[in-house]
Amino acid sequence: MTEANPLEEEKKSLNFIEAIVEKDLAEGKNSRKIQTRFPPEPNGYLHIGHAKAICMDFGIAQKYNGVCNLRFDDTNPSKEDVEYVDSIKEDIQWLGFQWGNEYYASDYFQQLWDFAIALIKNDKAYIDEQSSEKIAEQKGTPTQAGTESPFRNRPVSESLELFNKMNSGEIAEGSMVLRAKIDMASSNMHFRDPIIYRVIHHPHHKTGTSWKAYPMYDFAHGESDYFEGVTHSICTLEFVVHRPLYDWFIDELKKLHPEDGEYRPRQYEFNRLSLTYTVMSKRKLLQLVKEGYVNGWDDPRMPTLCGYRRRGYTPESIRNFINRIGYTKYDGIIDVALLEHSIREDLNYKAKRVSAVLNPVKLIITNYPENQTEMMEAVNNPEDENMGSHEIIFSRELLIEREDFMEDAPKKFFRMTPGQEVRLKNAYIVKCTGCKKNEKGIVEEIYAEYDPMTRSGMPESNRKVKGTLHWLSEKYSYPAEVRLYDRLFLVENPNEDKEKDFKELLNPDSLQILTNCRVEAELLSAKPYDNFQFQRLGYFNVDPDSKDGNLIFNRTVSLKDTWTKIKDKD
RNA sequence: UGACCCAUGGUGUAGUGGUAGCACAUCUGAUUUUGGUUCAGCCAGCCUAGGUUCGAGUCCUGGUGGGUCAACCA
C-alpha cells in the first residue's frame, strides 16, 4: 500500500465543503455521521442551478458514506403542487441520484406546532395582530433599528389562545402572525422578531385542510434538519444571513431535547450557479410557462433539467459540467460555453451519426446513370468502431445543404463551388460544373460530375479534397419536421438591468435572440432515422424509435455578443 | 450610515507560508472522408496600500470593488 497518490489526488480536488466535512469527521462531530438533504420547494421544475445543489448534497453523502434524503420544503400551500413533486423526483433520478428517504416538511407540522407552543410558553414568541405593512414599517432598515410591536409583551395566555385560533379557521389570512421575540434592534434583520407562523387557507397538497397556520421557512428548515438528523445542511449563499437565526432555533430546540446530546445540524453555503445568456429565476421561468411564451417546462429552450434532457443533454454531461465549475463562495457567472463543451464532449464519444439535410437544394450528378443506385456504407461513430455502420442510398439526384454551395466563393470556402472538387461523404468525389437559378436569382439546381474511381474504399478515393459534404438521395429520403431553436435566453450583461432585458424578451415585437450561435433543433417527427445527418458534424442523440427525438447540430459558429431583432420567431 | 459574505488570466477553478497550475473560451499550426474529433503551440492572472516573516496569492490591518439582508416566499 505505497500508493498514496490517488488519495493525494483526491485531497487536492477537495472543495471547501468537502474540506469541512473531512474536518468534522476527523474531529468526531455528530458521532462521525454524515447526513445531508436536498430540500426543494415543490413550486416549479428543477433547473440546471438545482443540479449543482443536487450534485453537492448527494455527492457529499456518497463520498463520505452518509445518506442524503429528499425533503420537500412544502410550508407554503398557496404555491405548491403535486405536479412539481413528481417532476422533481423524476429529474433527480434522471440526473443519476437516489435519495434515502422521502420526507416532507409538512410531516413535521405537529412537531413544529409543539415547538412554537413551547416558545410562547417561554415568552419567546408572541402573537402580533398588526398588518403586514405595519410590521414591515416597524422592522426598520438595515441601518436603522426597528421598533417593538405593541403586542410584543402581551400575556402568554393570550398568545396561546390566539395561536390556537390561528389554526382553527376563524382567523382571516393576514390578520395575525406568530413572531419570535428576539431583538428588534439587531443588525441582522432576521433577528428583528421574525414571523414564524402565518395563516393560509389554501388547501395543502399533502395535509389538505387540517392546518390553517403554517410555519415560515426559517422556522421549518433548521427544525426539519434537526428532526431528521441532518448533520450538514448545505445551501446557497443567500442564506448566509439566515444562519444565525437557524442556529438560534436549533439552540432553543436543543434545550427541549437534552437527550440529543452533542448532536446539531450546521448550515454551510456555496455560490449559486448563474450562466451567461440563461434565465434561471424560478419566478421568470414560471411566467414563461404560464403566459405561453414556451411550450412547457420541458420546452427545449428552458434551462430546466427536463428542457435540457429534451434538447439532448445527457445526465453525464451535466454532472461533468457541475464538476468542472466547482463550489466556492465567489459569486461569478459561468460561461455557458463550458456547459456546451460538456455535452459536446459526451456526445462526441457516444452519439450515433446519421444524415439529415435541413435546408435542401438539389444536386444532380450529370454523369451518373439515371436509374442507378448504390448502397454506401456510413460509419456510425468515428470515435467508436464498435458502434458499427449503416447504409445510405446514393443516386443521381441528391439534396445537399443550401449553404454548402456558393457560386462565387471566397478563397477559404472549401465546399461546393464551380470548378472545385469536393467529397460527398461516404461516396464519390464530385466536381461542380454549374447551377441553374430562377428569375429571382435563387439557386434551384446544382450540377456536378462524379469520378467513378473515387468511391469510398477505392484506391483513388484517397485523393485529397478540402471539403466533405453530407447529402441525401432526393428519392430515397423522408421528410422530417424539424423545429429550429436559436438560443432564446438572453440576459446576462452584468451592467445592464436584467429585469429590463427580461421584459424585452417577453415583448413579441422585439424578441431578441442571439444569432451566430450553434443551431439546436428538435426533431418533431422523423421516419427511418438513418436518413438524417447534420451539418458538418451531426449529432443524433436519441432512441430512433422515440417520438421525442432530439437533434443537436454542432455548427461551431463562434458565439458573438451581437443581438438581432427577429420578428415572428417560431 | 449597519451587519455579514467575497476578490487568482477573458470565464470558472487549484494552490500544508517556499517555482502560480488546470479547464473552458480565443488565436496559430498539424492531422482528418463531418469546417467535428485529436494533437501541438501562442496570448493572458494573484484588486490596492501597509504590516508580520529569510520568504506572503496564502497570515494581520486599512482602503477599493462586488454581493447579500428590510416577503405573512423558499
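- Nearest to the side-chain atoms of A:Val177 among the listed nucleotides B:C24, B:C72, B:G12 stands B:C72.
- With B:U33, B:C5, B:C69 as the candidates, the nucleotide lying closest to the side chain of A:Val240 is B:C5.
- B:G67 sits 24 Å from B:U61 when the P atoms are compared, rounded to a whole Å.
- When heavy atoms are screened at a 4.0 angstrom cut-off, A:Pro382 is found touching base atoms of the nucleic acid.
- Contact annotation for A:Gly44: no contact, since no heavy-atom pair falls under 4.0 Å across all strands.
- Among the nucleotides B:A70, B:U33, B:A74, the one closest to any side-chain atom of A:Arg423 is B:U33.
- Candidate nucleotides B:A74, B:G2, B:G36 were compared by shortest atom distance to the side chain of A:Phe239, and B:A74 ranks first.
- For A:Ile334, the listed nucleotide lying nearest its side chain is B:G12; candidates were B:G12, B:G67, B:G2.
- The side chain of A:Lys464 sits closest to B:U32 out of B:G67, B:U32, B:C24.
- Within the structure, every side-chain polar atom (N or O) of A:Lys329 is placed at least 4.0 Å from both OP1 and OP2 of B:A7.
- For A:Arg192 and B:A3, the shortest distance from a side-chain N or O to OP1 or OP2 is not below 4.0 Å.
- Distances shorter than 4.0 Å separate none of the side-chain N or O atoms of A:Thr468 from OP1 or OP2 on B:U32.
- The distance between atom CD1 of A:Ile325 and atom C1' of B:U13, rounded to the nearest whole Å, is 10 Å.
- Between the CG atom of A:Asn348 and the C1' atom of B:U32 there is a distance of 13 Å, given to the nearest Å.
- Side-chain atoms of A:His242 come within donor-acceptor range of the base of B:A74, with a qualifying N/O pair under 3.5 Å.
- Here the side chain of A:Glu383 is nearest to one of B:A74, B:U37, B:A70, namely B:U37.
- Salt-bridge annotation for A:Arg455 and A:Glu374: present, with a side-chain N of the basic residue lying under 4.0 Å from a carboxylate O of the acidic one.
- Distance noted for atom P between B:C4 and B:U11: 29 Å (whole Å).
- A:Lys350 has a carboxylate O that lies under 4.0 Å from a charged side-chain N of A:Glu316, or vice versa, which qualifies the two as a salt bridge.
- A distance of about 23 Å separates the C1' atoms of B:G50 and B:G45, rounded to the whole Å.
- Rounded to an integer number of Å, the gap from CZ of A:Arg243 to C1' of B:C69 is 14 Å.
- Using a 4.0 Å heavy-atom cutoff across all strands shown, A:Thr75 reaches sugar-phosphate atoms only and no base atom.
- B:A74 atom P lies 14 Å from atom CD1 of A:Ile88, rounded to whole Å.
- Among the nucleotides B:A70, B:A23, B:A74, the one closest to any side-chain atom of A:Met189 is B:A70.
- Atom pair A:Tyr330:OH and B:C47:P shows a separation of 11 Å (rounding to whole Å applied).
- The phosphate of B:C69 has neither OP1 nor OP2 within less than 4.0 Å of any side-chain N or O from A:His190.
- Atom CG of A:Asp218 is separated from atom P of B:C72 by 11 Å (rounded to the nearest Å).
- For B:U37, there is no paired base (Watson-Crick or G-U wobble, both distances below 3.5 Å).
- Between A:Gly332 and A:Pro39, the residue whose closest nucleotide on RNA chain B is further toward the 5' end is A:Gly332.
- Comment: A:Lys79 does not engage A:Glu41 in a salt bridge, judged by the lack of any side-chain N to carboxylate O separation of less than 4.0 angstrom.
- Comparing the P positions of B:U64 and B:A25 gives a spacing of 38 Å, expressed to the nearest Å.
- Rounded to the nearest Å, the gap between the C1' atom of B:C54 and that of B:U48 is 25 Å.
- Nucleotide B:G2 forms a Watson-Crick or G-U wobble pair with B:C69, both donor-acceptor distances falling under 3.5 Å.
- Closest contact between the side chain of A:Leu338 and the listed nucleotides B:C24, B:C73, B:C69 involves B:C24.
- Comparing B:A44 with B:U37, their C1' atoms sit 26 Å apart, to the nearest whole Å.
- Interatomic distance, OG1 of A:Thr468 versus CZ of A:Arg415, reported as 11.0 Å (0.5 Å rounding).
- Residue contacts shown for A:Phe16 are absent, as no nucleic acid heavy atom lies under 4.0 Å away.
- Straight-line distance between the C1' atoms of B:G21 and B:A14: roughly 7 Å, to the nearest whole Å.
- Between the CG atom of A:Asn271 and the P atom of B:U8 there is a distance of 12 Å, rounded to whole Å.
- Between A:Leu119 atom CG and A:Lys181 atom NZ the span is 11.5 Å, to the nearest 0.5 Å.
- Within 4.0 Å of A:Glu377, counting heavy atoms only, lies no atom of the nucleic acid at all.
- Residue A:Thr328 places no side-chain atom within donor-acceptor reach of the base of B:U13, judged by atom type and a 3.5 Å distance cut-off alone.
- Between the P atoms of B:A56 and B:G18, the separation comes to 11 Å (whole Å).
- The nearest heavy atom of RNA chain B to A:Asn76 and to A:Asn15 marks one nucleotide each, and the one closer to the 5' end goes with A:Asn15.
- One can place CD of A:Glu238 at 17 Å from C1' of B:A3, the figure rounded to the nearest angstrom.
- Checked against the 6.0 Å centroid threshold, A:Phe219 and A:Phe249 count as a close aromatic pair.
- Across all strands shown, B:U58 remains unpaired; no Watson-Crick or G-U wobble contact has both distances below 3.5 Å.
- Salt bridge status for A:Asp225 with A:Arg71: present, with a side-chain N to carboxylate O gap under 4.0 Å.
- If you look at A:Phe151 and A:Tyr126, their ring centroids are not closer than 6.0 Å.
- Proximity of the aromatic rings of A:Phe239 and A:Tyr246 is defined here by a centroid distance below 6.0 angstrom, and this criterion is not met.
- Of all nucleotides present, only B:A23 satisfies the Watson-Crick or G-U wobble test against B:U11, with each distance under 3.5 Å.
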